[in-house]
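Below you'll find the structure, written out as structure tokens, and then a few comments.
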Amino acid sequence: MSAKLEIRNLVKRFGGLVATNDVSFTVEPGQSIGLIGPNGAGKTTIFSQIMGEHQQSSGDILIDENEISRLSTPQRILAGVSRTYQVPRPFSDMSVAENIRVGLTPDSIWQMITRGPNPDRELELAESVGLAEEQLARLPSELSMGDLRKLEMARTLATAPRMMLLDEVFAGLTVNEIAVISKLVQSMRDDGMTFLIVSHDLKALEPLVDEAIAINQGQLIAEGSYSDVMADKAVRASYLGAE
Amino acid sequence: MLQVLIQGLLLSGLYALIAVGFTLIFSVGRVLNLAYGAYLLIGGYTYFYFSQQLGLPKFAGVALAGIIGCALGILKFQLIVRPLKGNHVAIEISTLILAVFLQSVVIFVFGDSSKILLPIIPGVERVAGAAIPFSNLFAAIASWVILISLWLFVRSTHMGRAMQAVSMDAKGAAISGVDATKINMFTWALSGTLGAIAGVFFASYTQLYPGMWVAPLIIAVAVVIVGGIGSIIGTLIVAHIVGFLEILTSAYIAPELRGVFTMLLIIVILVWRPSGLFGREEL
Amino acid sequence: MGLRWHHFALWGLFAVTLFVLPEFVSRGTLRTLIFANFLAIFAISWDTLSGRTGYISFGHPFLIGIGAYTTAILTKRFDVAMEISIPIAVIATMVGGLIVLLPALRIKGSYFALVTLAMMELIYQLVQVIRPDLTGGTRGMSGLPTLTRGAVNGYYMSVSLMLAIALTTWLVMRTRLGTALSAIGMNEEAVSGSGLSVTKLKMAAFLFSAFIAGLGGAVYIHYLGSIAPRALFDINFVFTIIVAALIGGAGTTVGPIAGAFFLTFLLEYLRPYLPGAERYMVYSGLALILYMAQPKGMWELFFQGIAKFDRLGRRE
Amino acid sequence: MKFGKILKAVTAAGVISAASFATAAYAEIKVGFIGSLSSDTGLSTLRGAEMAIEELNAKGGVLGEKIKLVTADTQEDVTEGIKAYEYLAETEEVDFIISGSIDDVSLGWIPRMQEFQIPTLDTWTSSISIIDMVVQDPEVMAPYFMNIASDEALATLYINFGADVLKKQMGWNSVVILAEDTGFGQAITGLVTEAISPVAGIEVKETIIYDVGTVDFAPIFAKAQATGADFIYQVSSVNSQVISSQYVKLQVPMPMTGVNVSALGMEYWEDTGGAGGGISTLSPLPSVGFKLDPTSQAFVERYQAKYKSRPVIPHFNGFNAYYGLTQAMAAAEEAGGFKDAKKWSAAMEKQDLKLELDGKLWLRYGFWGKDEVEEVTKRTYPHNARFDLSAPYDDAQPSMVVVQWKEDGSVGVVYPFEYATTKFEIPSWIKK
């Protein structure tokens, strides 16, 4: 059920810039790890490489001991890993239900044509992230930021992941909305989902993670329990230096 | 051989002038102005009307062509590009419609048949079997002068540097106090002026006809794609590649195949190296 | 697929209206309708690729041309029967288009538009040079076999084809394939992030579009009886197709049909008053104004009108 | 439910407007013009027809009915030409069509003419392949007439010009052909290539085909020069002022003659900005630089009083349209109208108009009989304008003349010698 993620010596160069510099870490099945670091540290770039949106310059990415570096994004999703985005960009001219429908669609042209949508499953997913039934027909432009994040979670969940990468899930949310999302993540953790979470809101992040990894300027600078990492000198220096 | 060299240089100089206005818009505004060819069309016909039909001095005809091109550029920016707010697809399509509209206006006013522009400077010099019409030589020299002054302008004036800043990063430029809208409008005006003047030279090199906007548009597109965006020097180099490719093809393979290699070049470069030969690698 | 009885009722009504039309209108009007039908087919084909996925093709005549030239050459030079040559033409369009345009699908935005434009110019120039004994060179070919004679027969043929294509497209686009294609136009990254292969989807859209273009192109030249590269691979032809789809409403099936009918009739109605090139001035000027006013097309204007009306109604 | 409403609205609007479209009045003889409305050649045919109709109406019309003219623009495009023919046939329901179409456009709409069987007269197209269709299928092609000598006759006269002037007077032995890629270009190139060597003794070094969209002729002229031929033979009917003006601009050191359609109008000098000197071309009759008989001269004078825009003098097809339309109406009088196309066709075949100048046959508007074999080319030309290919041209006028523009802007006939008003010369910049 739960997936294991292993990153080995990951390097990504953009021209002369090294965005990821020899990073290695492992997320055990069912574990939840917080990925922290100042702005521009290279957190989102790591997500992009795990998902195959950017190809790493060198290094390995493994899901359940299988190398996925050569797979396309949809194939990686099939392998069990999905992500959300810092800025939710839903399909703007489609209703909430249709947005979720895209996530539920099988990657086969033939099945897309021959098999109709599953409205019950769409509703189920919407409700599982806390969206109400009457919101299904709304357009994304009519939703609050919190609801947009919920929609993004629902669409990601629709791909049936065993591991989720959450990118800045709390950005732009009210205190109440943060609580709702937290509860949602907690309940998924209880169900055995593996998580890698990026967040600037360290207070909200803390209760959701088992361990933390800190990176700065593309390099891993600390890993271990959340409190150990936060107490680390290099980590503190990187935050102070950047902000 | 010398003949090919001479013809190649003359044609390439003209192509560089044609392409540079398009390069400016594509790098500063990041939009594909499919009505760019229409500047050449309007410029050519303006010159024809004032200098050849009304008999004004040739210089006045070129100047008026430039002024009308400039006005057209500003109008296009204000009436089409700004209201569409950076919606690239919409800008591409509306500029295409505009080009067809301007073409039919020209047909309405001047008729469908080709017009011949008198040589701007009459006379021909013969070197090693190649005919060098003074008019074409003048066009090539003028285009070099214009390109060099443009290059100096972009490098050394405040306005030029602001244009560079906007071309690299519109948001960043805005933070540092550059009014991107103003710079954009200036660029559209400049591009219109250059296009219209290029149109006079292009038409005197060849002919005036209502469909004449398509060929220079394709040339401009080829130069920008192959050269990569944002470089006047790149434009100059690639204009010579395209120009010589055409002359070499006509001379050694077949005149009918003249444009084929230009198209192939566009396609191969776009598929193989979308940022162009001299473009910046994008993050 | 969310089909309701009234969908079929409306399609039925539409079809019946079109089929009884020859009883009420002159043959001249039928001829105009024939061209409107073909333009509608081409606009639907363009829309399937560009209107839905947002990959703007400026070289659509390239696809239409493969279909048209294949059947023209087969029937004219090799005496192949049209029943055989048209299906071959359709397959040739799909295969040929795929081979040539597949590399182009990996580039995005304006660059895709430029490659397709360059592709069209390339094929235009090549048709003239490569085996002009087959293609007829710049002049094209005339005296091709025709499928029908007379305005009424031509009308029934074109309207049946148009309706069949429109209905098929409409049905396919109502499936999750349609949803996924529209999703590419809105946010390609999120489609692939939803586990769908964007390349596969784009290829499906492309093949579907090529199928319609090839079929439409092949039947079109067997209606005209001639083929001329200058009229076919012409930026004005691209312009007409794109404008028909956009004016009507891109990303819908009825939009391109409405746009094609509107534009064709506009041109024909202007003919008695403005017989020459002035027609195109009015035509393109109007197209520009309509497009600037509502890039989503008349269809969207219509819906907005209905929505406004509904809101007014509810308030009372 | 919503979109069904608009469908209904659209179709209803379509039905209503289409119905209003169909109610055209039908108490007159309707003539349709098909051709380009923006070219000099198209306008020549249109105006020739307008003037003939005006004169006929002043005399009370035909069969007691007034003649009305409607137009359809082809934009020199094949598809537009087909649409235009359909428009005339089905929307306007014309009785007779007069055409100023170019070859490829006529070839495009010929199948429509065969279908509708509307009496049709071509005044500009000279495509021999259409005459071949008349030979092969006289029944279906019965309503079609072409009152300009066809390509075959044009080429034959050119071959004679080659032998008498180019070879004998100028001493030229080899030629490079520079032909546009059109139906006309292909036909003329083929005919000339076949005959110029055996008959005139001029060797064809090379044939260069160029696209009508060509804008830069410098490399093409360079290629022509490289063949080392004595002169260039051009075949150019579309945008031909471009090639000739560039010839002058580049001062190509090689004589050039041939077919240059833009040089057939008086506007040529202005269009090339005074840069067209030295160009010579074949021209169907009547031509610029050709003396006119009194009837044609009177036509030109009335024409100039009526039209102030270009073309200031109609091209040959303007004369063809003027005389041809008058003949078509006379044939209709005889056949009781245009409805019976076969009957009209038989009456049209008999039309014969002879115009004289100084007591000599000058122009003849008649048609070859079905089985009449022309002596020089040994073939038949049914429904084609009658021409004479050998001096003294007493059966009809020559199929064409060769005219030449001089560097001072004057123009005159250089061949056949009987009609010559000036001598063939080469441009001053060519050192010989």
Side-chain angles (χ1 to χ4, degrees), chain B residues 26 30-32 34 37 79-80 83-84 87-112 210-211 213-215 217-218 221-222 224-225 253-272 274-276, chain C residues 50 54-56 58 100 102-126 128-130 132 137-138 185 234-236 238-240 242-243 246-247 250 274 276-293 295-296:
Chain B
F26 201 58
R30 288 294 159 102
V31 290
L32 202 56
L34 289 176
L79 297 180
I80 293 181
L84 291 176
N87 178 347
H88 287 230
V89 171
I91 291 174
E92 278 159 30
I93 286 166
S94 43
T95 49
L96 174 72
I97 304 179
L98 179 71
V100 174
F101 175 70
L102 290 174
Q103 176 189 2
S104 44
V105 170
V106 165
I107 295 176
F108 180 63
V109 178
F110 293 97
D112 213 351
W213 60 277
V214 182
L217 176 68
I218 303 258
V221 162
V224 167
I225 284 178
I253 306 177
E256 309 93 275
L257 283 173
R258 164 171 205 164
V260 167
F261 290 95
T262 312
M263 296 307 138
L264 278 177
L265 193 66
I266 297 185
I267 294 163
V268 168
I269 292 285
L270 267 185
V271 173
W272 169 63
S275 55
Chain C
S50 302
Y55 277 73
I56 301 299
F58 278 129
V100 179
L102 200 60
L105 281 174
R106 52 173 232 144
I107 43 183
K108 290 181 188 173
S110 308
Y111 289 110
F112 179 77
L114 290 177
V115 170
T116 51
L117 185 64
M119 210 70 90
M120 181 180 80
E121 284 293 315
L122 179 69
I123 201 84
Y124 170 53
Q125 301 194 344
L126 284 181
Q128 303 167 25
V129 213
I130 295 181
T138 17
D234 179 15
I235 201 147
N236 284 305
V238 180
F239 159 83
T240 314
I242 296 183
V243 166
L246 291 172
I247 290 275
L274 304 166
E278 307 87 338
R279 276 194 296 156
Y280 288 86
M281 210 164 91
V282 175
Y283 173 74
S284 49
L286 197 65
L288 186 59
I289 292 167
L290 279 176
Y291 183 69
M292 291 293 293
K296 285 182 177 170

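This is a predicted model, so every value here is computed, not measured. Proteins get letters first, then strands, A, B, ... in listed order; numbering begins at 1 in each.
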Inset, instruction - Taking side-chain hydrogen bond (donor to acceptor under 3.5 Å, both in side chains) as the test, write out the residues that go with C/Tyr291, two or more places apart. - result: none
Legend entry - B/Leu84 to C/Met292 - nearest heavy-atom pair and separation: CD1-SD, 3.9 Å
Legend entry - Rounded distance [0.5 Å steps], CG in C/Leu288 versus CG in B/Leu102: 9.0 Å
Inset, instruction - Please tell me if the side chains of C/Leu246 and B/Ile97 come closer than 4.5 Å, counting only heavy atoms from C-beta onward. - result: no
Inset, instruction - To the nearest 0.5 Å, tell me how far B/Ile93 CD1 sits from C/Ile56 CD1. - result: 4.5 Å
Inset, instruction - Decide yes or no for C/Glu121 and B/Val214: does some side-chain heavy atom of the first lie under 4.5 Å from some side-chain heavy atom of the second? - result: yes
Legend entry - Contact winner vs chain C - B/Val105, B/Val221, B/Val100, B/Thr262, heavy-atom pairs under 4.5 Å: B/Val100
Legend entry - Value rounded to 0.5 Å, distance of OG in B/Ser104 from CG in C/Asn236: 8.5 Å
Legend entry - Flag side-chain contact, heavy atom, 4.5 Å: B/Glu92 against C/Phe58: yes
Inset, instruction - Measure the CD1-CG distance between B/Ile267 and C/Leu114 for me, rounded to the nearest 0.5 Å. - result: 11.0 Å
Inset, instruction - Among B/Leu98, B/Leu96, B/Val260, single out the residue with the greatest number of heavy-atom pairs under 4.5 Å to chain C. - result: B/Val260
Legend entry - Proximal component of C/Val115, with respect to chain B [non-hydrogen, under 4.5 Å]: both
Inset, instruction - Only counting residues at least two apart or in another chain, list the ones meeting ring pair (Phe, Tyr, Trp, His ring centres under 6.0 Å) with B/Phe261. - result: none
Legend entry - Side-chain heavy atoms of B/Met263 within contact of C/Ile123, under 4.5 Å: no
Legend entry - chain B contact via C/Leu122 - which portion, at a heavy-atom distance below 4.5 Å: both
Inset, instruction - Tell me, for C/Ala113 versus chain B, whether the close heavy atoms (under 4.5 Å) come from the side chain, the backbone, both or neither. - result: side chain
Inset, instruction - Grab the two heavy atoms, one from B/Phe108 and one from C/Met281, that are nearest each other, plus how far apart they are. - result: CB-SD, 3.6 Å
